[in-house]
Amino acid sequence: MSLAAYCVICCRRVGTSTSPPKSGTRWRDIRTVIELWPGSLFLTYEVLALKKAVTLDTQVVEREKMKSYIYVHTVSLDKGENHGIAWQARKELHKAVRKVLATSAKILRNPFADPFSTVDIEDHECAVWLLLRKSKSDDKTTRLEAVQEMSEAHHWHDYQYRLIAQACDPKTLIGLARSKESDLRFFLLPPPLPSLKEDSSTEEELRQLLASLPQTELDECIQYFTSLALSESSQSLAAQKGLWCLVTKFWAREISTHCDKIEANGGLQLLQRLYRLHKDCPKVQRNIMRIIGNMALNEHLHSSIVRSGWVSIMAEAMKSDRIMEASHAARILANLDRETVQEKYQDGVYVLHPQYRTSQPIKADVLFIHGLMGAAFKTWRQQDSEQAVIEKPMEEEDRYTTCWPKTWLAKDCPALRIISVEYDTTLSDWRARCPMERKSIAFRSNELLRKLRAAGVGDRPVVWISHSMGGLLVKKMLLEASKKPEMSAVINNTRGIIFYSVPHHGSHLAEYSVNIRYLLFPSLEVKELSKDSPALKTLQDDFLEFAKDQNFQVLNFVETLPTYIGSMIKLHVVPVESADLGIGDLIPVDVNHLNICKPKKKDAFLYQRTLQFIRETLAKDLEN
């Protein structure tokens, strides 16, 4: 033990010296060691040889602090030194000293310098450092391989994961967050949030941030809800919860005009504080994630988003069993990942599959467009049943799913990219969340078409799947795309369309406008669905001719049962004659309007016929 301690002291003293030791030092040290431990002359010689080989330049360490380098073990050209008992003793001694110095270096957060290149290290230790080196390679393929190998490492010690977490660069960190098998120990906890100002609260600081943003040239709805939030300063947190849900939701829609100002005013940290504060309000959390996802569309803000700790939070959210939470996190990370993702997913565009990096080649896209009062996730859930609430062990195939395209279709067709879009709609102006919002089908179709093209829709073969008014949007988008040369790829790659109870010839919904609470003042969207709407008739005639010319494959489903609107009336929303596009099969199903796109289970006819259509329509593309 005395000899080991003396070895370390000698190495430290020599390593930190700025001038070479005097010639007499060697023999004075030898005499001292002999007095302490007679008979150790051979080992002492090895210690001094090690002392000569291992030196630390403190100036280099200071300059390169917090960096890590990998150095390949070098072998002496003198073959006589590489065998025999002397070589074995030296190797073991080098290992022991290396571990001592490694522990010290880790504690002091110092890097290993060049003189350590001749020191032997354990294989599993070397792998960690080599992967770090590979992850910073100039070659993209090498970097991606390194991230994949890191994500597949499940046998490391805890400190090795933490070492990667501290030493990796942002690209590697984002890549690990988007790797399905990554251990969460790769991600450090977010940095401490700044303290709140004296006599202030999180809501008050958010209010101040909202007030600091320019209100000119903004959507009227954003102005409306922002002014409403700023005027409610006296309300309690509980009373404001619903309001803040709406504020963050509408604020997220035009966030691109405010991104730089939000980041400069500490908005990333403030939003993170709100995210933690509202852990019992998933809607608020999802809307905060919408804002971060929109900020991630701006590449110059990526470093700020990473530094503020959002990647670690999203890495954990990606592993959530809640599909909506995981999908919001997937959108943020995809917008941050410029290594493997060329597309940008704008507000309301969610990738349901693949959400992680994958080696599976993606050969086609399937797009889901909801209808009135629908949403990107809830519209496509499994039909509600007692099975959803009974708590009993079930096979994975039998478990209730809140989004069957994500759970079922992704598994049956892994070579597809599955996208679902979301936009706000209302049945009536009386129930509208924003009294100024009146958007036509034409306006919404242009908005969605622009977003989908930014997400790369049109670069691969496409199948569109729509419910109710969503089918009218699909028709309008394709007609608009046919008039714009820059959108020609969308038309050329459209293979087929599935319409779930789409009112091609109008709906009775708009006719019920008296004495019905939900339809007291029909919204613009509902009015456009009336049977005598000239815009609807023109859309139907133009699209039917266009679809025949393009030879689109079409499948139509239609409900046969009435739907309850509130508790006052039941209505056959889309009759069979209105759901008939004029081309493609028309299949009646014994469900109501809400459940026409919600299969009861995976082996139900509704899902199996949908799956069959997708496979048949994309057969050639999936084979190539």
Atom OG of S304 and atom CD of Q269: how far apart are they, to the nearest 0.5 Å? 8.5 Å
Residues T402, T407; criterion side chain to side chain contact (heavy atoms under 4.5 Å, CB included); working and verdict: CA-CA 8 Å; T402 56; T407 308; over 6 Å; no
Nearest heavy-atom pair of N335 and H302: which atoms, and what distance? O-CE1, 3.2 Å
Check whether any side-chain heavy atom of P354 sits under 4.5 Å from a side-chain heavy atom of Q360, and report yes or no. no
Between E422 and A376, what is the shortest heavy-atom contact and its length? OE1-N, 3.0 Å
Chi angles and distances behind the side chain to side chain contact (heavy atoms under 4.5 Å, CB included) call for I418, C413: CA-CA 10 Å; I418 304 172; C413 299; over 6 Å; no
Might you work through the side chain to side chain contact (heavy atoms under 4.5 Å, CB included) test for T401 and K406, ending with a clear yes or no? CA-CA 9 Å; T401 175; K406 170 79 168 67; 5.9 Å; no
If you round to the nearest 0.5 Å, how far is CG of L555 from CZ of F613? 5.5 Å
Can you tell if the side chain of D412 reaches within under 4.5 Å of the side chain of I614, non-hydrogen atoms only? no
Please examine the side chains of L336 and P170, heavy atoms only from C-beta on, and report whether any two atoms are closer than 4.5 Å. no
Tightest non-hydrogen contact, residues P414 and I362, listed as O-CD1, 4.0 Å
Partner set under ring pair (Phe, Tyr, Trp, His ring centres under 6.0 Å) for H353, not counting sequence neighbours: none
Could you give me the CA-CA distance, side-chain angles and deciding distance for V366 and I465, then say whether side chain to side chain contact (heavy atoms under 4.5 Å, CB included) is met? CA-CA 7 Å; V366 175; I465 300 180; 3.6 Å; yes
If you take the centroid of each ring, where Trp contributes its six-membered ring, are F552 and W464 closer together than 6.0 Å? no
Min side-chain heavy-atom separation K451-V421 under 4.5 Å: no
Taken to the nearest 0.5 Å, the spacing of Q612 CD from E616 CD works out to 4.0 Å
State whether the number of non-hydrogen atoms from other residues, nucleotides or ligands found under 6.0 Å of M324 atom CE is greater than 12. no
pair N298-D260: side-chain heavy atoms closer than 4.5 Å: no
Separation between OG (S445) and CG (L452), nearest 0.5 Å, reads 11.0 Å
Taking the side chain as every heavy atom from C-beta outward, state whether I174 and V306 have any pair of such atoms under 4.5 Å apart. yes
For residues 349-366, which residue pairs pass the salt bridge (charged side-chain N to carboxylate O under 4.0 Å, His left out) check, not counting sequence neighbours? D337-R357, D365-R417, D365-R460
State whether a side-chain donor-acceptor pair under 3.5 Å links S179 with Q148. no
Rounded at 0.5 Å granularity, tell me how far CG in L132 sits from CD1 in I164. 3.5 Å
Are the charged groups of D169 and K171 less than 4.0 angstrom apart, N to O? no
In terms of the angle between their ring planes, are W156 and Y161 parallel, tilted or perpendicular, with boundaries placed at 30° and 60°? tilted
Any donor-acceptor pair under 3.5 Å from Y345 side chain to I332 backbone: no
So do C168 and F186 actually touch side chain to side chain, heavy atoms under 4.5 Å? no
Do the side chain of R162 and the main chain of R185 share a donor and acceptor less than 3.5 angstrom apart? yes
Return the minimal non-hydrogen interatomic distance between K601 and Q382, and the atom names on each side. CA-NE2, 3.9 Å
For residues Q553 and T617, is any side-chain donor paired with an opposing acceptor at under 3.5 Å? no
Gap separating the NZ atom of K180 from the CD atom of Q355, nearest 0.5 angstrom: 9.5 Å
Tell me whether D139 at atom CG has more than 12 heavy atoms from other residues, nucleotides or ligands lying less than 6.0 Å away. yes
K261 atom NZ: more than 12 heavy-atom contacts under 6.0 Å: no
Restricting to non-hydrogen atoms, name the atom on N493 and the atom on D459 that form the minimum distance, rounded to 0.1 Å. ND2-C, 3.9 Å
Could you check F377, W380, F368 and say which one makes a ring pair (Phe, Tyr, Trp, His ring centres under 6.0 Å) with Y350? F377
Can you confirm whether L409 sits close enough to Y607 that some side-chain heavy atom of one is under 4.5 Å from a side-chain heavy atom of the other? yes
Indicate the atoms forming the closest heavy-atom contact of V474 with S466, along with that distance. CG2-CB, 3.9 Å
My understanding is that only residues two or more places apart in sequence, or in another chain, count here; which of them pass salt bridge (charged side-chain N to carboxylate O under 4.0 Å, His left out) with K344? E299
May I ask you to decide if V457's main-chain N or O and R453's side chain share a donor-acceptor pair within less than 3.5 Å? yes
Do Q272 and R276 pair up side chain to side chain, a donor and an acceptor below 3.5 Å, judged on atom types alone? yes
